[in-house]
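Nothing here was measured: the structure is a model prediction, and the numbers come from that model.
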Amino acid sequence: QVQLVESGGGLVQAGGSLRLSCAASGRIFGPYAMGWFRQAPGKVRDFVAALNWNGGVTYYADSVKGRFTISRDNAKNTVYLQMNSLKPEDTAVYYCAAGRGLDARTMPSEYDYWGQGTQVTVSS
């Protein structure tokens with residue numbers, strides 16, 4: 001089993017920045033692709049960003065391109081989401097996910113492990 005723990009969420013004003021972290025622990029064998037998703041109240045869980053096993057390939061939702069950056073430090077088993085120029089519509093619970101394999105992926109069903117989520121609230 002792999003455990004994922006997110007941190008770094010909070011309340012920020014529009015235009016501000018936050019950096020989310022996701023630390024992985026447990027029986028980590030082999031490469032993992034990592035991703036971030038978010039879910040606002042009453043809405044489905046949406047893809048935000050993903051990267052492949054070594055961080056060389058990244059994908060972003062159109063709504064966050066140019067504002068968010070996903071990265072990873074495999075030595076620390078940690079993935080990050082730097083969020084800049086935040087907007088009220090970015091308000092959601094943000095989830096980290098890990099999927100066995102090399103390739104980046106954007107569908108929730110392609111991931112094997114999920115964190116508990118961290119709340120991000122952007123005030124206008």
> Just by distance, do the side chain of D112 and the backbone of R100 share a donor-acceptor pair under 3.5 Å?
Replying inline: yes

> Do the non-hydrogen side-chain atoms of W36 and L20 ever get within less than 4.5 Å of each other?
Replying inline: yes

>> Does D90 form a salt bridge (charged side-chain N to carboxylate O under 4.0 Å, His left out) with K87? I'd like the steps, not just the answer.
In response: CA-CA 5 Å; D90 294 318; K87 304 174 181 180; over 6 Å; no

> Under 3.5 Å, is there a donor-acceptor pair linking the side chains of D73 and T78?
Replying inline: no

> With a distance cut-off below 6.0 Å to the six-membered ring centre and an angular limit of 45° from the axis, does R45 pair with W114 as a cation-pi contact?
Replying inline: yes

> Below 4.5 Å, heavy atoms only, C-beta onward: do L102 and Y32 meet side chain to side chain?
Replying inline: no

> Transitively linked via ILVMFWY side-chain contacts under 4.5 Å: I70 with F37?
Replying inline: no

> Is the backbone of S25 close enough, under 3.5 Å, to the side chain of N77 for a donor and an acceptor to pair up by distance?
Replying inline: no

> Salt bridge or not for D46 and R38, using N-O below 4.0 Å?
Replying inline: no

> Got L51 and V79 here, is their nearest side-chain heavy-atom distance under 4.5 Å?
Replying inline: yes

> Can you name the nearest heavy-atom pair linking P88 to S124, along with the distance?
Replying inline: CG-CB, 3.8 Å

>> Distance alone, cut at 3.5 Å: any donor-acceptor contact between the side chains of T91 and E89?
In response: no

>> Counting only heavy atoms from other residues, nucleotides and ligands, does the tally under 6.0 Å from OH of Y59 exceed 12?
In response: no

>> What I'd like to find out is whether the side chain of L86 reaches to under 4.5 Å of the side chain of L18, using heavy atoms alone.
In response: yes

>> For R105, is there any backbone N or O sitting under 3.5 Å from a side-chain donor or acceptor partner on Y111?
In response: yes

> Is Q119 close to Y94 at the side-chain level, that is, under 4.5 Å between some pair of heavy atoms?
Replying inline: no

> Are the side chain of E6 and the backbone of G117 linked by a donor-acceptor contact shorter than 3.5 Å?
Replying inline: yes

> Does the ring of Y80 carry R72 above it, NZ/CZ under 6.0 angstrom from centre and within 45° of its axis?
Replying inline: no

> Do Y95 and L4 have side-chain heavy atoms sitting under 4.5 Å apart?
Replying inline: no

>> Any heavy-atom pair between the side chains of C96 and M34 that's under 4.5 Å?
In response: yes

